[in-house]
2 protein chains.
Amino acid sequence: MDLNTTTRARAAGKRERTKQQNRQLILQAARQVFADLGYGATTVRDIVRATPLAAGTFYNYFNSKEEVFQAMQDEIALRIRPRLHEERAKATSIEEFISGTFRTFFEYVASDEANFHAIRRNTDTLRVRMDTPEILAGFQELRTDLEEAIANGLFPSLDADYLMAAIVGVAFEIAERMLRRARADTEDATRFATALFMGGIKALPTISSGDVA
Amino acid sequence: MDLNTTTRARAAGKRERTKQQNRQLILQAARQVFADLGYGATTVRDIVRATPLAAGTFYNYFNSKEEVFQAMQDEIALRIRPRLHEERAKATSIEEFISGTFRTFFEYVASDEANFHAIRRNTDTLRVRMDTPEILAGFQELRTDLEEAIANGLFPSLDADYLMAAIVGVAFEIAERMLRRARADTEDATRFATALFMGGIKALPTISSGDVA
DNA sequence: CAGATAAGTTGACGCTTCGTCACGTTCCTT
DNA sequence: AAGGAACGTGACGAAGCGTCAACTTATCTG
């Protein structure tokens, strides 16, 4: 009864939850643990431990810690993409296209407590690996919408690739700053970003005192 | 002579290189291996193996894979910061401030083969953890320069925090796209970014055909 | 409804990677 | 030349990973 007992698996598999419930259980535990320990410091076992499941079960749902994280990101992409697309589809001017895009993004980011608390915990998470198929599809959609708007004469004929890059860069960076301020003012952020794209720096709203974080 | 021989360390420490040389040896090996295997897939031992050093020696120089990576980033920050600061210091108009910032950044990124080949290999690396003290200091410096320019009346009184976020976001995103194009045209990227900040979308250079990647 | 098959769960195991540290070598000082 | 500081070395213990044989529950089939 020392080391070599080799009592081998004599498991006792209950089936008290559906597949979808287990998946959600893992995702939720991951959010919690990422928020507590930080992405880098959490192990797959940490996530499993925050769950009534066994170690091996995790791998029926995800292949790695990274994949759970990507699933969290995909959830976000899946929720925000339709809203963004809809907003842009009904735009009848550049300004509507731009402000609609930023407003939708900022409002989503500020509202999704469950996902973004885990993210605020790690300064860098918004920047880590935004390259799941879902997210790339979201970027592609922005690109397509942009090209369509150009074709319709809404925009002048410009470098859609760079414009998209600029929009994405501004959206993510400002979102990050916004979340770190005392109260996330999505309207303020939207005004700023929209003004920048509409008229450049000289069109930006001026302020009196420094209300920055 | 089976397992328990416990021949224990009877090392043979040569000292054929200086401390600084060893550090550079490791950094260079890291660049190579990151470029070959990708950041996520390389182990510390992979880096060591690309080096004439022993496993333990690595830890005399860095504490982890991440720290090597951050050192690579710090090298970049250290090289580019003086140039950026100088460029901004001699700006006498908003346009010079903005175009100088973007041009310097894009030109550096396009020129630093050694570091950026490793980076191009991983789509996401530009986005990973930009939070070493060096890099944060660089951001802080941009922020200070910006506030000073505002105080001097170069800029209107605006939200320096958001403006900085916008500059950083546009710089990194466009740099990434630029590097992926057939030939990295830093002047084109600079023109685009500057025009955006100076006059918004309607000031952007128009193009005839789609010369995008 | 018995028997067969599929689907899902379990935890111990083997393996990889990590960071350390006792020991050996080289450099530097006096 | 003596001795201490600095540095290099590789084997070791610990930690985490992903797998898989054994087992349980669900579904299907006639």
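All values reported here derive from a predicted model rather than from experimental measurement. The chains referred to below are lettered A, B, ... by the order of the sequence lines, with proteins before strands, and numbering in each begins at 1.
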Exercise for review: Tell me, please, whether Tyr162(A) has Arg181(B) positioned over its six-membered ring: NZ or CZ under 6.0 Å from the ring centre and within 45 degrees of its axis?
Suggested key: yes
Check your understanding: Relative to the 5' end of DNA chain D, which residue comes earlier, Asn22(B) or Gly56(A), by the nucleotide with the nearest heavy atom?
Key -> Asn22(B)
Looking at the side chain of [X], which of [options] is the nearest nucleotide?
| X | options | value |
| --- | --- | --- |
| Thr43(B) | dG19(C), dG8(C), dT17(C) | dT17(C) |
| Leu53(B) | dC18(C), dG8(C), dT9(D) | dT9(D) |
| Asn60(A) | dG18(D), dG8(C), dG19(C) | dG8(C) |
| Arg45(B) | dG19(C), dT10(C), dG8(D) | dG19(C) |

Roughly, in whole Å, what's the span from [atom1] in [X] to [atom2] in [N]?
| X | N | atom1 | atom2 | value |
| --- | --- | --- | --- | --- |
| Gln20(B) | dA6(D) | CD | P | 17 Å |
| Glu67(A) | dG18(D) | CD | P | 10 Å |
| Tyr61(A) | dG18(D) | OH | C1' | 17 Å |
| Lys65(A) | dT17(C) | NZ | C1' | 14 Å |
| Glu66(A) | dG16(D) | CD | C1' | 16 Å |
| Phe58(A) | dG11(C) | CZ | P | 16 Å |
| Arg49(A) | dT10(C) | CZ | C1' | 16 Å |
| Arg23(B) | dG8(D) | CZ | P | 13 Å |

Practice item. For ring pair (Phe, Tyr, Trp, His ring centres under 6.0 Å), just list the numbers for Phe192(A) and Phe102(A), CA-CA rounded to whole Å, side-chain angles, deciding distance to a tenth of an Å, and then say yes or no. Key: CA-CA 10 Å; Phe192(A) 187 97; Phe102(A) 282 119; 9.8 Å; no
Practice item. Verify whether one side chain among Tyr108(A) and Arg79(A) offers a donor that lies under 3.5 Å from an acceptor in the other. Key: yes
OP1, OP2 of [N] versus side-chain N and O of [X]: anything below 4.0 Å?
| X | N | value |
| --- | --- | --- |
| Asn63(B) | dC18(C) | no |
| Thr57(B) | dT9(D) | yes |
| Tyr59(A) | dT10(C) | no |

Revision key, fill the gap. One should read off an interatomic distance between Lys65(A) NZ and Thr43(A) OG1, to the nearest 0.5 angstrom, of 8.0 Å
Revision key, fill the gap. Of all heavy-atom pairs linking Phe106(B) and Ala193(B), the shortest is CE1-CB, 4.3 Å
